[in-house]
Amino acid sequence: MTGRFLRKSRWVFPFLLAAVVALAPGCAITNGDGNSSGGSFTVAYVPGVTKNPYFSTIKRAMDSVAEANDITVDYQGTPNFDPTEQTNVLNAVLAQKPDLLILAPTDPVALRAPVERFLAADIPVILIDGNLENEDGIISTIQSDQEAGGRLAGERMAELTDGKGTVAVINIVSGVPSLDARVEGFTNALQDAAPDIELAPVQNAGGNPSQSQDTTRSLMVAYPDLAGVFGVTEVNAEGAAAAFKAAGKDIPIAAYDATPLEVSYLEEGQIDFLVAQNAKRIGELAMQFAVDYLNGDEDSVERHVVLDTVGVDLENIEQPEIAEVLYGPAIN
Amino acid sequence: MTPASTPDATQQGPVVAESVDTPTQTNSAGTEASEGKRNLGKFIEDNGSVWTAGVLLVIVVGFAVSTPNFFTQQGWQAVSVSATLILLLAIGQTFVIVSGGIDLSVGGVLGFAGMMSALVMSKLLTSGMSQTTIMLIGLVVALTVGMVVGAVNGLISTRFSLIPFIVTLGTLGICQGGTQLANGGQEISNIPLDLLIWGNKVILDGWLAVPVAVTAGVAAIAWISLSKTRFGRRTHAIGSNAQAAQRTGINVSRHLVVVYMVSGLFAGLAGFIAMAQLGVATVTAGQNTELAAIAAVVIGGTSLVGGRGSVAGTVLGALIVAVLETGLVIARVNSAWQLIAVGAILIGALLADQQRLRAARTAR
């Protein structure tokens with residue numbers, strides 16, 4: 001009896017599966033994970049990557065401004081920092097015809113083509129966290145001063161190392177302008193403040209903390225006088241901190257970003273200095289400009305905003321203005 | 001018991017009826033039903049793609065009904081363009097899987113071919129050659145790089161009898177490293193401007209993107225090659241039973257080298273198109289695309305053990321994945337559901353494929 005049922009239903013099963021998957025969106029929209037609903041305008045937000053504390057903190061800040069102004073936020077992205085994947089997401093977002101796009105571009109050249117399609121469809125675009133080589137038609141860009149942030153870290157590293165030994169820089173991949181700016185700022189400031197320090201060649205460890213962990217272990221072997229490590233992103237910092245912790249070494253780490261994990265490493269003493277970007281302010285400004293523009297108040301939209309980064313260490317972490325710039329947890 | 005497979009026995013009805021009365025009457029009715037079932041089974045086995053097409057249709061209709069803005073020109077653009085790179089990789093992969101192997105290096109080849117092509121083109125930009133000539137040279141470079149890596153894959157796995165899974169995993173890493181070294185880890189954006197224009201050009205009043213047209217044309221050629229030519233038949237034969245194929249006189253090693261070169265060729269073309277669409281050869285191009293390509297092939301009905309498969313199925317499989325992913329974004333659904341949806345469809349496709357085979361076999 002069951003046998004015959006199963007035999008008959010084998011044809012139907014894949015169709016049923018397909019139908020359920022296709023119709024599920026209808027149900028999912030009402031749950032709206034991460035997408036607030038209701039509202040007169042829709043603003044699409046496409047981050048560099050999903051599941052990331054920095055971009056998620058920006059989103060939460062956007063959400064609070066959006067809710068106060070009756071705006072729906074549509075949050076779509078990819079888990080990989082990849083221009084092709086981001087382009088595919090943008091093409092799909094374009095089909096929904098949002099009223100405005102806030103984009104954190106993953107490449108200064110490659111993302112111009114999809115952005116142009118939005119501009120051609122009369123959808124205004126705001127850029128955050130990265131620049132495009134060609135920014136014609138963009139209504140606003142909001143960036144952190146990456147070079148200054150790197151310099152902050154470099155100056156602190158000179159103090160932490162007493163100006164002696166070898167310092168290593170761990171990055172995820174070379175060629176990303178905002179990351180390269182951090183490295184440059186760090187290197188220049190460190191060499192100015194501590195000319196006797198040896199700088200090891202920059203390590204490109206990849207996007208996974210465990211890769212940075214492996215790289216740090218190798219660095220400890222390659223440089224017995226390793227006196228400090230600069231983590232260009234939170235991924236690198238988290239990996240380096242884990243490696244030092246496992247080896248029982250207390251080598252100073254200066255790192256970019258202030259994710260919950262980095263903050264706990266700071267409190268444990270593994271990381272000595274964090275350069276926090278003002279993610280909350282970036283999100284608030286971006287959404288505020290969006291609101292102003294959509295309501296016809298174009299004069300209130302600033303064309304170029306560059307925000308300062310904030311140095312965080314054990315001395316100032318308790319202060320309320322510092323707590324403002326620490327990142328919240330990642331959302332999907 | 002007997003009727004389904006021995007219709008002759010029931011036709012001798014009068015003779016048999018004396019000893020088995022009632023069963024004969026039920027048997028004749030049962031025979032017609034099983035006859036019909038047999039025909040349906042054979043039809044579906046011969047036309048497995050019909051099945052996949054049906055699933056695609058259900059998904060498309062489902063989204064069209066539940067998601068505003070999906071069934072629009074831009075929705076089609078988003079689906080078709082996002083399908084091109086994975087489909088190109090999947091077509092090459094179909095040849096390899098049908099022959100009984102697998103090619104994990106395709107994502108690495110995509111990136112490496114794109115980077116080498118851009119490297120050559122950027123050097124030629126100051127040479128005074130026309131943009132069109134430079135672009136053609138770039139295309140040739142990308143295809144050649146792909147074929148060379150494919151040849152390496154084929155030669156190493158056949159000469160040394162190594163499992164393709166491991167060999168291509170190795171060349172994947174080598175290509176990824178090569179992509180980083182080619183320009184010191186930096187991306188190359190110094191390529192002919194016309195290439196970016198062509199990569200994003202849309203013809204037919206906004207309905208057909210040039211990369212989609214190219215992919216469609218190439219897919220048609222591949223379909224003819226795999227299903228209608230001697231090369232395609234031999235590929236199937238080798239995948240079914242390599243030793244038997246060898247005994248019929250097919251030079252299996254040489255054929256396999258060519259098959260891997262075909263896969264590399266498609267990956268090289270994908271690398272060129274990816275670069276054209278972005279206007280820059282990036283260091284991370286093609287990363288993580290291998291599994292998506294294999295998923296498209298399997299969803300399309302090609303068997304992973306070899307000997308059975310079609311390019312038509314792969315096209316449908318890639319479209320199913322593209323429609324799912326794009327549709328879910330347009331429907332403003334959390335991106336985690338895309339992963340779940342594709343995984344579910346993959347399992348469903350494997351199940352359906354298995355049942356289809358079983359039905360066809362028992363219906364005989």
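Numbers restart at 1 for each chain; the letters A, B, ... are given by sequence-line order, proteins then strands. Predicted model only: the values in this text are computed from it and were never measured.
- Environment of CG in A:Asp136: crowded, with over 12 heavy atoms of neighbouring residues, nucleotides or ligands closer than 6.0 Å.
- A:Gln76 approaches B:Val333 most closely through the heavy-atom pair NE2-O, 3.3 Å.
- Using a 4.5 Å cut-off between heavy atoms, B:Leu85 touches chain A through its side chain atoms alone.
- If you measure heavy-atom distances from B:Ser189 to chain A, the contacts under 4.5 Å come from the side chain alone.
- For the atom pair CG of A:Asn88 and OG1 of B:Thr84, the computed distance is 7.5 Å after rounding to the nearest 0.5 Å.
- Within the 4.5 angstrom heavy-atom criterion, only side-chain atoms of B:Glu187, from C-beta onward, approach chain A.
- For chain A, the option among B:Gly185, B:Gly184, B:Ala64 with the highest count of heavy-atom pairs below 4.5 Å is B:Gly185.
- The shortest distance between side-chain heavy atoms of A:Asn91 and B:Gln74 falls below 4.5 Å.
- Among residue pairs with one or both ends in residues 101-116 of chain A, those qualifying as salt bridge (Lys or Arg N to Asp or Glu O under 4.0 Å) are A:Arg112-A:Glu116; sequence neighbours excluded.
- Looking at A:Ser174, both its backbone and its side chain come within 4.5 Å of chain B, counting heavy atoms on both sides.
- With contacts defined as side-chain heavy-atom distances shorter than 4.5 Å, the pair A:Thr42/B:Arg332 qualifies.
- When all heavy atoms of A:Ala110 and B:Val280 are compared, the pair lying nearest together is CB-CG1, 3.6 Å.
- Expressed to the nearest 0.5 Å, how far CD of B:Glu325 lies from OG1 of A:Thr78 amounts to 10.5 Å.
- Rounded to the nearest 0.5 angstrom, A:Thr84 OG1 and B:Ile273 CD1 are separated by 12.0 Å.
- Only the backbone of B:Gln277 comes within less than 4.5 Å of a heavy atom of chain A; no side-chain atom from C-beta onward does.
- Inter-residue side-chain proximity for B:Thr67 and A:Gln96 is flagged as unmet; no heavy-atom pair is nearer than 4.5 Å.
- Side-chain atoms of B:Val329 and A:Val93, non-hydrogen and from C-beta on, do get closer than 4.5 Å to each other.
- The distance from atom CG of A:Leu94 to atom CD of B:Gln77, rounded to the nearest 0.5 Å, is 9.5 Å.
- Summarising the geometry, atom CG belonging to B:Asn288 is positioned 5.0 Å from atom CG belonging to A:Asn80; distances are rounded to the nearest 0.5 Å.
- At a 4.5 Å heavy-atom cutoff, the contact between B:Thr326 and chain A is made by backbone and side-chain atoms alike.
- Most heavy-atom pairs under 4.5 Å with chain B, from the set A:Ala95, A:Gly77, A:Pro83, A:Pro79: that is A:Ala95.
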